Amino acid sequence: MGLISGIFTWPLTLPVRGLIRLAELIQEQVERETRNPATVRRKLEEIEAMRAAGEISEEDERQAVEQVLRMATRR
């Protein structure tokens with residue numbers, strides 16, 4: 001990129017780069033939280049409580065548990 005084009009495009013590219021970095025930071029934080037053992041345990045306990053209360057079927061429970069575990073081990 002030349003000096004002149006850099007001067008004119010800088011005000012446009014800087015906000016885009018900042019937005020991309022912000023999205024990356026948010027994604028990293030979400031991944032850390034979904035892998036946190038305490039968070040995984042809490043989600044599994046919530047699913048178990050919903051099943052015990054009759055709010056979800058056994059099949060729904062199985063699918064929800066699989067999804068939580070898949071998210072916790074994904075990378």
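Keep in mind that what you see is a predicted model, and the values were worked out from it rather than measured.
Note that CD of Glu33 is 11.5 Å distant from CE of Met71, once rounded to the nearest 0.5 Å. Rounded to the nearest 0.5 angstrom, Ile20 CD1 and Leu25 CG are separated by 12.0 Å. The distance from the CD1 atom of Ile56 to the CZ atom of Arg62 is 11.5 Å, given to the nearest 0.5 Å. The distance from the OG1 atom of Thr39 to the CZ atom of Arg42 is 4.5 Å, given to the nearest 0.5 Å.
Heavy-atom neighbours of Gln63 CD from other residues, nucleotides or ligands within 6.0 Å: above the threshold of 12.
Salt bridge status for Glu28 with Arg21: present, with a side-chain N to carboxylate O gap under 4.0 Å.
No chain of hydrophobic side-chain contacts below 4.5 Å, direct or via other Ile, Leu, Val, Met, Phe, Trp or Tyr residues, connects Leu14 to Leu22. Tracing side-chain contacts under 4.5 Å through hydrophobic residues (I, L, V, M, F, W, Y), one never reaches Val30 starting from Val68; they form parts of separate clusters.
Side chain to side chain, Arg70 and Gln67 fail the donor-acceptor criterion of an N or O pair below 3.5 Å.
Judged as a side-chain hydrogen bond (donor to acceptor under 3.5 Å, both in side chains), and not counting sequence neighbours, the contacts of Gln27 are Glu31.
Among residue pairs with one or both ends in residues 45-58, those qualifying as side-chain hydrogen bond (donor to acceptor under 3.5 Å, both in side chains) are Ser57-Asp60; sequence neighbours excluded.
Counting all heavy atoms, side chain and backbone alike, Thr34 lies closest to Val40 at O-CG2, 3.4 Å.
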